Amino acid sequence: KNEVEQSPQNLTAQEGEFITINCSYSVGISALHWLQQHPGGGIVSLFMLSSGKKKHGRLIATINIQEKHSSLHITASHPRDSAVYICAVDSGGGADGLTFGKGTHLIIQP
Amino acid sequence: DAGITQSPRHKVTETGTPVTLRCHQTENHRYMYWYRQDPGHGLRLIHYSYGVKDTDKGEVSDGYSVSRSKTEDFLLTLESATSSQTSVYFCAISGGSGRNYEQYFGPGTRLTVT
(Lines give C-alpha, C1' and ligand atoms only; values in the text may rest on other atoms or scores of the structure.)
Protein backbone atom coordinates (compact mmCIF):
# COMPACT_ATOMS: atom_id res chain seq x y z
CA LYS A 1 0.00 0.00 0.00
CA ASN A 2 1.35 3.37 -0.97
CA GLU A 3 1.82 5.79 1.90
CA VAL A 4 1.37 9.43 0.90
CA GLU A 5 2.66 12.15 3.20
CA GLN A 6 2.10 15.87 2.75
CA SER A 7 3.78 18.77 4.46
CA PRO A 8 2.99 21.12 5.95
CA GLN A 9 -0.46 20.15 7.25
CA ASN A 10 -1.36 23.81 7.76
CA LEU A 11 0.15 26.93 6.23
CA THR A 12 -0.75 30.57 6.73
CA ALA A 13 0.97 33.16 4.55
CA GLN A 14 0.62 36.74 3.43
CA GLU A 15 -0.69 37.75 0.04
CA GLY A 16 2.09 37.78 -2.55
CA GLU A 17 4.26 35.14 -0.90
CA PHE A 18 5.69 32.16 -2.75
CA ILE A 19 4.09 28.97 -1.46
CA THR A 20 5.49 25.43 -1.52
CA ILE A 21 3.59 22.29 -0.56
CA ASN A 22 5.41 18.97 -0.50
CA CYS A 23 4.29 15.41 -1.13
CA SER A 24 6.22 12.17 -0.72
CA TYR A 25 5.14 8.62 -1.38
CA SER A 26 6.53 5.21 -0.57
CA VAL A 27 6.00 3.05 -3.65
CA GLY A 28 6.59 3.66 -7.35
CA ILE A 29 3.66 5.23 -9.20
CA SER A 30 2.34 5.75 -12.70
CA ALA A 31 1.11 9.30 -12.01
CA LEU A 32 0.68 11.89 -9.28
CA HIS A 33 -2.28 14.23 -8.96
CA TRP A 34 -2.64 17.58 -7.24
CA LEU A 35 -6.19 18.51 -6.26
CA GLN A 36 -7.76 21.63 -4.76
CA GLN A 37 -10.73 21.68 -2.40
CA HIS A 38 -12.36 24.95 -1.36
CA PRO A 39 -14.53 25.31 1.75
CA GLY A 40 -17.91 23.95 0.77
CA GLY A 41 -16.38 20.82 -0.64
CA GLY A 42 -15.87 20.77 -4.40
CA ILE A 43 -12.70 18.97 -5.53
CA VAL A 44 -10.90 20.19 -8.64
CA SER A 45 -8.02 18.54 -10.42
CA LEU A 46 -5.06 20.92 -10.80
CA PHE A 47 -2.38 18.68 -12.28
CA MET A 48 -1.67 15.11 -13.23
CA LEU A 49 2.00 14.40 -13.86
CA SER A 50 4.32 11.45 -14.23
CA SER A 51 7.60 13.26 -14.80
CA GLY A 52 9.19 16.69 -14.87
CA LYS A 53 7.21 19.85 -14.39
CA LYS A 54 3.88 21.39 -15.34
CA LYS A 55 2.72 25.01 -15.10
CA HIS A 56 -0.74 26.50 -15.18
CA GLY A 57 -1.00 30.20 -14.49
CA ARG A 58 0.56 30.87 -11.07
CA LEU A 59 0.69 27.17 -10.18
CA ILE A 60 3.68 24.94 -10.82
CA ALA A 61 3.96 21.24 -10.06
CA THR A 62 7.15 19.22 -10.13
CA ILE A 63 7.90 15.59 -9.56
CA ASN A 64 11.11 13.64 -8.91
CA ILE A 65 10.38 9.99 -9.60
CA GLN A 66 13.72 8.74 -8.24
CA GLU A 67 13.20 10.52 -4.91
CA LYS A 68 9.44 9.76 -4.81
CA HIS A 69 8.67 13.41 -4.15
CA SER A 70 6.52 16.14 -5.66
CA SER A 71 6.06 19.83 -4.92
CA LEU A 72 3.26 22.25 -5.67
CA HIS A 73 4.27 25.90 -5.88
CA ILE A 74 2.04 28.96 -5.94
CA THR A 75 3.62 32.21 -7.08
CA ALA A 76 2.25 35.62 -6.09
CA SER A 77 -0.28 34.02 -3.74
CA HIS A 78 -3.73 35.57 -3.39
CA PRO A 79 -6.51 35.13 -0.80
CA ARG A 80 -8.55 33.21 -3.40
CA ASP A 81 -5.82 30.53 -3.29
CA SER A 82 -6.98 29.68 0.25
CA ALA A 83 -8.07 26.05 0.08
CA VAL A 84 -7.02 22.53 0.95
CA TYR A 85 -4.47 21.10 -1.48
CA ILE A 86 -4.42 17.34 -1.79
CA CYS A 87 -1.74 15.12 -3.26
CA ALA A 88 -2.85 11.74 -4.64
CA VAL A 89 -0.97 8.92 -6.36
CA ASP A 90 -1.96 6.37 -8.93
CA SER A 91 -0.09 3.15 -8.25
CA GLY A 92 -2.07 0.97 -10.59
CA GLY A 93 -1.59 2.22 -14.10
CA GLY A 94 -4.55 4.54 -14.40
CA ALA A 95 -7.74 2.67 -13.63
CA ASP A 96 -7.57 1.45 -10.05
CA GLY A 97 -8.28 4.62 -8.10
CA LEU A 98 -6.07 6.98 -6.15
CA THR A 99 -4.36 6.97 -2.75
CA PHE A 100 -4.50 10.36 -1.08
CA GLY A 101 -2.48 12.42 1.31
CA LYS A 102 -4.36 14.09 4.15
CA GLY A 103 -4.13 17.51 2.55
CA THR A 104 -2.52 20.87 3.27
CA HIS A 105 -4.82 23.60 4.58
CA LEU A 106 -3.58 26.89 3.08
CA ILE A 107 -4.75 30.32 4.22
CA ILE A 108 -3.55 33.42 2.39
CA GLN A 109 -4.13 36.59 4.36
CA PRO A 110 -4.58 39.94 2.57
CA ASP B 1 -16.32 21.01 -15.75
CA ALA B 2 -17.05 17.34 -16.37
CA GLY B 3 -20.75 16.49 -16.23
CA ILE B 4 -21.01 14.57 -12.98
CA THR B 5 -23.96 14.73 -10.63
CA GLN B 6 -24.57 13.00 -7.35
CA SER B 7 -27.88 12.38 -5.64
CA PRO B 8 -28.95 13.01 -3.04
CA ARG B 9 -26.63 15.84 -2.01
CA HIS B 10 -27.58 15.53 1.65
CA LYS B 11 -29.16 12.65 3.53
CA VAL B 12 -29.88 11.86 7.15
CA THR B 13 -30.81 8.27 7.90
CA GLU B 14 -31.12 5.96 10.86
CA THR B 15 -28.81 3.12 11.83
CA GLY B 16 -29.82 -0.12 10.17
CA THR B 17 -31.60 1.37 7.16
CA PRO B 18 -30.44 0.76 3.58
CA VAL B 19 -29.14 3.73 1.64
CA THR B 20 -28.28 4.11 -2.05
CA LEU B 21 -26.24 6.97 -3.45
CA ARG B 22 -26.23 7.64 -7.17
CA CYS B 23 -23.50 9.01 -9.40
CA HIS B 24 -24.44 10.02 -12.93
CA GLN B 25 -22.04 11.16 -15.68
CA THR B 26 -22.66 12.56 -19.14
CA GLU B 27 -19.02 12.30 -20.28
CA ASN B 28 -18.94 8.64 -21.37
CA HIS B 29 -15.84 8.05 -19.23
CA ARG B 30 -14.95 4.40 -18.75
CA TYR B 31 -13.84 4.42 -15.11
CA MET B 32 -15.90 5.47 -12.10
CA TYR B 33 -14.99 5.61 -8.42
CA TRP B 34 -16.57 6.07 -5.02
CA TYR B 35 -14.50 7.73 -2.30
CA ARG B 36 -15.33 8.77 1.23
CA GLN B 37 -13.77 11.77 2.98
CA ASP B 38 -13.37 11.88 6.76
CA PRO B 39 -11.48 14.26 9.06
CA GLY B 40 -8.10 12.78 9.95
CA HIS B 41 -8.24 10.21 7.15
CA GLY B 42 -8.62 12.26 4.01
CA LEU B 43 -10.11 10.65 0.96
CA ARG B 44 -10.22 6.85 0.69
CA LEU B 45 -11.33 4.57 -2.15
CA ILE B 46 -14.44 2.46 -1.47
CA HIS B 47 -15.13 0.76 -4.81
CA TYR B 48 -14.39 1.39 -8.44
CA SER B 49 -15.65 0.32 -11.84
CA TYR B 50 -13.73 -0.23 -15.06
CA GLY B 51 -16.79 -0.81 -17.20
CA VAL B 52 -20.42 -1.88 -17.22
CA LYS B 53 -20.89 -4.70 -14.71
CA ASP B 54 -17.14 -4.68 -13.90
CA THR B 55 -16.38 -3.48 -10.38
CA ASP B 56 -13.73 -4.05 -7.75
CA LYS B 57 -13.10 -3.29 -4.09
CA GLY B 58 -11.04 -0.44 -2.76
CA GLU B 59 -9.36 0.23 0.55
CA VAL B 60 -12.52 0.61 2.68
CA SER B 61 -15.15 -1.56 0.98
CA ASP B 62 -16.59 -3.37 4.03
CA GLY B 63 -20.29 -2.54 4.45
CA TYR B 64 -20.65 -1.19 0.91
CA SER B 65 -21.74 -2.64 -2.40
CA VAL B 66 -21.85 -1.10 -5.87
CA SER B 67 -23.51 -1.66 -9.20
CA ARG B 68 -22.98 -0.32 -12.69
CA SER B 69 -25.61 -1.41 -15.19
CA LYS B 70 -25.05 1.50 -17.57
CA THR B 71 -21.93 3.48 -18.49
CA GLU B 72 -23.40 6.66 -17.03
CA ASP B 73 -24.57 5.41 -13.62
CA PHE B 74 -22.61 4.05 -10.65
CA LEU B 75 -24.60 3.25 -7.51
CA LEU B 76 -23.21 2.89 -4.00
CA THR B 77 -25.34 0.97 -1.50
CA LEU B 78 -25.04 0.78 2.24
CA GLU B 79 -27.04 -2.36 3.00
CA SER B 80 -27.48 -1.50 6.68
CA ALA B 81 -26.12 1.92 7.55
CA THR B 82 -23.96 2.38 10.65
CA SER B 83 -22.79 5.54 12.40
CA SER B 84 -19.24 4.86 11.19
CA GLN B 85 -20.50 5.41 7.65
CA THR B 86 -21.33 9.03 8.40
CA SER B 87 -19.12 10.80 5.88
CA VAL B 88 -18.95 12.85 2.74
CA TYR B 89 -19.05 10.63 -0.34
CA PHE B 90 -17.48 11.69 -3.63
CA CYS B 91 -17.89 10.07 -6.99
CA ALA B 92 -15.17 10.51 -9.62
CA ILE B 93 -14.68 9.58 -13.24
CA SER B 94 -11.68 9.11 -15.52
CA GLY B 95 -10.64 7.47 -18.74
CA GLY B 96 -11.87 9.90 -21.29
CA SER B 97 -10.17 10.29 -24.63
CA GLY B 98 -7.08 8.18 -25.17
CA ARG B 99 -5.35 7.20 -21.92
CA ASN B 100 -6.36 10.29 -19.98
CA TYR B 101 -6.62 9.19 -16.37
CA GLU B 102 -7.15 12.64 -14.88
CA GLN B 103 -9.96 12.32 -12.35
CA TYR B 104 -13.01 14.55 -12.25
CA PHE B 105 -15.04 14.71 -9.07
CA GLY B 106 -18.73 15.09 -8.40
CA PRO B 107 -20.04 17.64 -5.90
CA GLY B 108 -20.28 15.15 -3.02
CA THR B 109 -23.04 13.70 -0.85
CA ARG B 110 -23.08 14.42 2.86
CA LEU B 111 -24.52 11.38 4.66
CA THR B 112 -25.36 11.39 8.35
CA VAL B 113 -26.32 8.13 10.07
CA THR B 114 -28.01 8.70 13.43
Side-chain angles (χ1 to χ4, degrees), chain A residues 1-10 21 23-27 29-51 54 56 59 61 63 70 72 83-106, chain B residues 1-2 4-6 9-10 23 27 29-51 54-61 64 66 68 74 76 87-111:
Chain A
K1 179 179 181 289
N2 219 329
E3 302 292 336
V4 181
E5 298 289 337
Q6 283 186 240
S7 62
Q9 289 186 325
N10 297 282
I21 299 170
C23 176
S24 62
Y25 52 93
S26 59
V27 177
I29 62 172
S30 57
L32 184 141
H33 300 244
W34 281 103
L35 310 168
Q36 180 191 58
Q37 185 174 28
H38 277 106
I43 300 173
V44 174
S45 175
L46 298 175
F47 296 102
M48 182 180 74
L49 64 167
S50 55
S51 64
K54 287 190 175 181
H56 184 247
L59 301 179
I63 188 168
S70 175
L72 177 69
V84 176
Y85 292 85
I86 303 168
C87 171
V89 298
D90 180 352
S91 306
D96 298 346
L98 302 178
T99 303
F100 298 82
K102 290 186 169 62
T104 294
H105 189 196
L106 174 65
Chain B
D1 288 343
I4 312 170
T5 56
Q6 292 183 230
R9 295 291 314 279
H10 301 270
C23 177
E27 304 296 320
H29 280 43
R30 178 179 176 184
Y31 305 109
M32 299 185 75
Y33 311 86
W34 277 108
Y35 298 101
R36 60 179 288 175
Q37 185 176 38
D38 305 288
H41 291 280
L43 285 149
R44 293 176 292 175
L45 179 66
I46 305 172
H47 280 279
Y48 62 101
S49 169
Y50 40 96
D54 288 326
T55 65
D56 208 344
K57 295 179 179 179
E59 178 187 355
V60 290
S61 60
Y64 302 95
V66 291
R68 191 170 179 199
F74 193 31
L76 177 71
S87 187
V88 181
Y89 291 86
F90 287 96
C91 173
I93 65 174
S94 74
S97 59
R99 293 174 62 83
N100 177 15
Y101 296 117
E102 186 167 5
Q103 293 209 2
Y104 302 95
F105 288 78
T109 294
R110 184 174 295 275
L111 176 67

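Numbers restart at 1 for each chain; the letters A, B, ... are given by sequence-line order, proteins then strands. Keep in mind the model is a prediction, meaning the values are calculated, not measured.
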task = Carefully, step by step, assess B:Gln103 and A:Ser45 under the rule side-chain contact (heavy atoms from CB on, under 4.5 Å).
result = CA-CA 7 Å; B:Gln103 293 209 2; A:Ser45 175; over 6 Å; no
From the list A:Ile86, A:Val89, A:Val27, side-chain contact (heavy atoms from CB on, under 4.5 Å) with A:Val4 holds only for A:Val89
- I would like to know whether B:Ser94 and B:Tyr104 meet side-chain contact (heavy atoms from CB on, under 4.5 Å); could you show each step before the answer? CA-CA 6 Å; B:Ser94 74; B:Tyr104 302 95; 5.8 Å; no
Residue pairs passing the salt bridge (Lys or Arg N to Asp or Glu O under 4.0 Å) test with at least one member in residues 36-49 of chain A, sequence neighbours excluded, are none
Bottom line for A:Leu98: the part with an atom under 4.5 Å from chain B's heavy atoms is both
Bottom line for A:Gln6: the part with an atom under 4.5 Å from chain B's heavy atoms is neither
Given B:Glu59, B:His47, B:Arg110, the one with more heavy-atom pairs under 4.5 angstrom with chain A than any other is B:Glu59
